[in-house]
Amino acid sequence: MSAYLVSMGTYAGFFMILALALNLQWGITGMVNFGIAGFYALGAYTSGLLAVKLGVPVGLAIPAACLAGLVMGAAVALLSVRLREDFLAIVTLGVGEVIRLIVLNEDQITEGPRGLRIEARPFGEIIGPDLYPLFYLGLVAACVLLTYAVCEAIRRAPMGRTLRAIREDDVVAEVLGKNVLLHRVQIFAVGGFFMGLAGALYAHYVQNISPEVFMPVVAMFIWMSVIVGGAGNNRGILLGAGAVMVFLEGTRFVGDFTDALDAEKMSALRIIAIGLLLIVTLRLRPRGLLPERKFKAPSD
């Protein structure tokens, strides 16, 4: 049971990093990103392929995956510079699917649906197999704290006020002299950086990655984490991601209490339950469990 809890905590850490990155892009800046699974896959396959095919040390492969996410984020932001809301959502969803289809079909490089086996693990030659899951949980927790610290520093800085102004009305922000394009590219790149980090950590944890893991449903889980936790509030995002992970894992045990549900039906019911949870949250707590604190101008 303790091993299961450690594993669940590790997966929750991946969700937290992805959700914090999405909150930076959408919750604070207002940029819709439905291609989260693609950035996640990009980080996973970049780090995995560098380690497996080229023999790059894990200590260099993971930063390279982060850099790949950063470059992809900046490229998507630049290519969709004139797009807003619905159209940006479609473009990011398309980018995510393009990345997934590439890793699925380029099987001579990525091993396609067979799965890419990754032997390399951070400090795997030093730490024994009994203690390694706990160590990896600590490593992921450290990365979550780093991501939170960076996102919170951006939110509290003067740049954070500019980002919220862009979210509320980008035209007004531009009229006031703010470089809206530069800020959007920067934030999408930073978000892509952390999504690549989450993907790399996932790849070296499971040690066998395949394209079906990076389906668009991953984006739904991360969006749900942000909405449930409270868009714009980084502490709420951690709470929301943890709550979604507990809910996802908790529903796995429903099948133990009845023989009427096979694995396929149980999977479908879990998705239905997630949708219902989102509807209830939006109905009772439309701003999330920990809403963003509204900033007020100082009075004279």
Side-chain angles (χ1 to χ4, degrees), residues 11-47 65-77 79-80 83 85-104 140 143-144 147-148 150-151 184-185 187-203 205-206 209-229 231-232 234 236-238 240-245 248 271 274-275 278 288:
Y11 276 95
F14 302 148
F15 270 39
M16 288 176 182
I17 295 173
L18 291 170
L20 285 168
L22 177 62
N23 185 55
L24 189 62
Q25 294 173 338
W26 176 69
I28 296 177
T29 315
M31 300 177 68
V32 180
N33 183 2
F34 283 161
I36 300 166
F39 285 91
Y40 196 31
L42 179 65
Y45 275 93
T46 299
S47 187
C66 299
L67 182 61
L70 184 146
V71 172
M72 179 60 70
V76 171
L79 290 173
S80 56
L83 302 180
E85 299 176 354
D86 299 359
F87 300 102
L88 179 58
I90 294 170
V91 168
T92 54
L93 180 61
V95 168
E97 277 297 279
V98 166
I99 294 174
R100 187 183 68 83
L101 291 174
I102 288 174
V103 299
L104 175 64
V140 172
C143 291
V144 170
T147 307
Y148 173 84
V150 172
C151 293
R184 281 181 165 156
V185 171
I187 292 305
F188 224 87
V190 173
F193 177 94
F194 287 119
M195 289 177 184
L197 171 62
L201 291 172
Y202 169 78
Y205 179 67
V206 299
I209 54 176
S210 55
E212 64 264 18
V213 174
F214 306 102
M215 298 293 287
V217 70
V218 173
M220 184 184 74
F221 296 151
I222 304 306
W223 272 90
M224 187 173 178
S225 300
V226 174
I227 293 170
V228 169
N234 289 315
I237 300 307
L238 297 179
V244 169
M245 176 55 64
L248 285 173
I271 301 299
I274 290 167
L278 182 58

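Heavy atoms only: backbone and side chains are in, while hydrogens, waters and symmetry mates are out. Owing to the predicted nature of the structure, the values given are computational and were not obtained by experimental measurement.
In this structure, CD1 on Ile209 lies 4.5 Å from OH on Tyr45, to the nearest 0.5 angstrom. Once rounded to the nearest 0.5 Å, the distance linking CG of Leu278 with CE of Met220 reads 8.5 Å. The distance from the CG atom of Leu248 to the OG atom of Ser225 is 8.0 Å, given to the nearest 0.5 Å. Interatomic distance, Arg100 CZ to Ile102 CD1, rounded to the nearest 0.5 Å: 11.5 Å. Going from atom CE of Met16 over to atom CG of Asn23 covers 13.5 Å, rounded to the nearest 0.5 Å.
Nearest heavy atom pair, residue Cys66 against residue Phe193, reads CB-CE1, 3.3 Å. Minimum heavy-atom separation, Arg184 to Ala77: O-CB, 4.1 Å. Here the shortest heavy-atom pairing between Gly13 and Val144 reads O-CG2, 3.5 Å. Of all heavy-atom pairs between Ile237 and Ala19, the closest is CG2-CB, 3.4 Å. Of all the heavy atoms in Ile28 and Gly232, the pair that sits closest is CG1-CA, 4.2 Å. Across every non-hydrogen atom of Leu93 and Phe34, the tightest pair is CD1-O, 3.7 Å.
Judged by distance alone, the side chain of Thr29 and the main-chain N or O of Leu24 form a donor-acceptor pair under 3.5 Å. With hydrogens and angles disregarded, a donor-acceptor distance shorter than 3.5 Å links the side chain of Thr147 to the backbone of Cys143. Within the 3.5 Å criterion, the main-chain N or O of Ala89 finds a donor-acceptor partner in the side chain of Thr92.
Looking only at side-chain heavy atoms (C-beta outward), Leu67 and Thr46 stay at 4.5 Å or farther from each other. In this structure the side chain of Phe39 never reaches within 4.5 angstrom of the side chain of Phe194, judged on heavy atoms. Within the 4.5 Å cutoff, the side chain of Phe214 has no heavy atoms near those of the Val103 side chain. Annotation: side chain of Leu79 is not in contact with side chain of Val91 (no heavy-atom distance under 4.5 Å). Ile227 places none of its side-chain heavy atoms less than 4.5 Å from the side chain of Met224.
Considering Ile222, Val226, Leu197 in turn, Ile222 is the only one that fulfils the side-chain contact (heavy atoms from CB on, under 4.5 Å) rule with Leu18. With Met31 as the fixed residue, the side-chain contact (heavy atoms from CB on, under 4.5 Å) test singles out one of Leu22, Leu88, Val76: Leu88. Across Leu42, Asn33, Val190, a single residue satisfies side-chain contact (heavy atoms from CB on, under 4.5 Å) together with Met195, and that is Asn33.
For Tyr205 and Tyr11, the ring centers are positioned less than 6.0 Å apart.
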Item to check | Check against side-chain contact (heavy atoms from CB on, under 4.5 Å), Trp223 and Ile36 | outcome: CA-CA 9 Å; Trp223 272 90; Ile36 300 166; 3.8 Å; yes
Next on the checklist: Apply side-chain contact (heavy atoms from CB on, under 4.5 Å) to residues Tyr148 and Leu20 and explain how you reach the verdict.
Outcome noted: CA-CA 7 Å; Tyr148 173 84; Leu20 285 168; 4.0 Å; yes
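Below 30°, between 30° and 60°, or above 60°: for Tyr40 and Tyr202 the angle between ring planes is between 30° and 60°, a tilted geometry.
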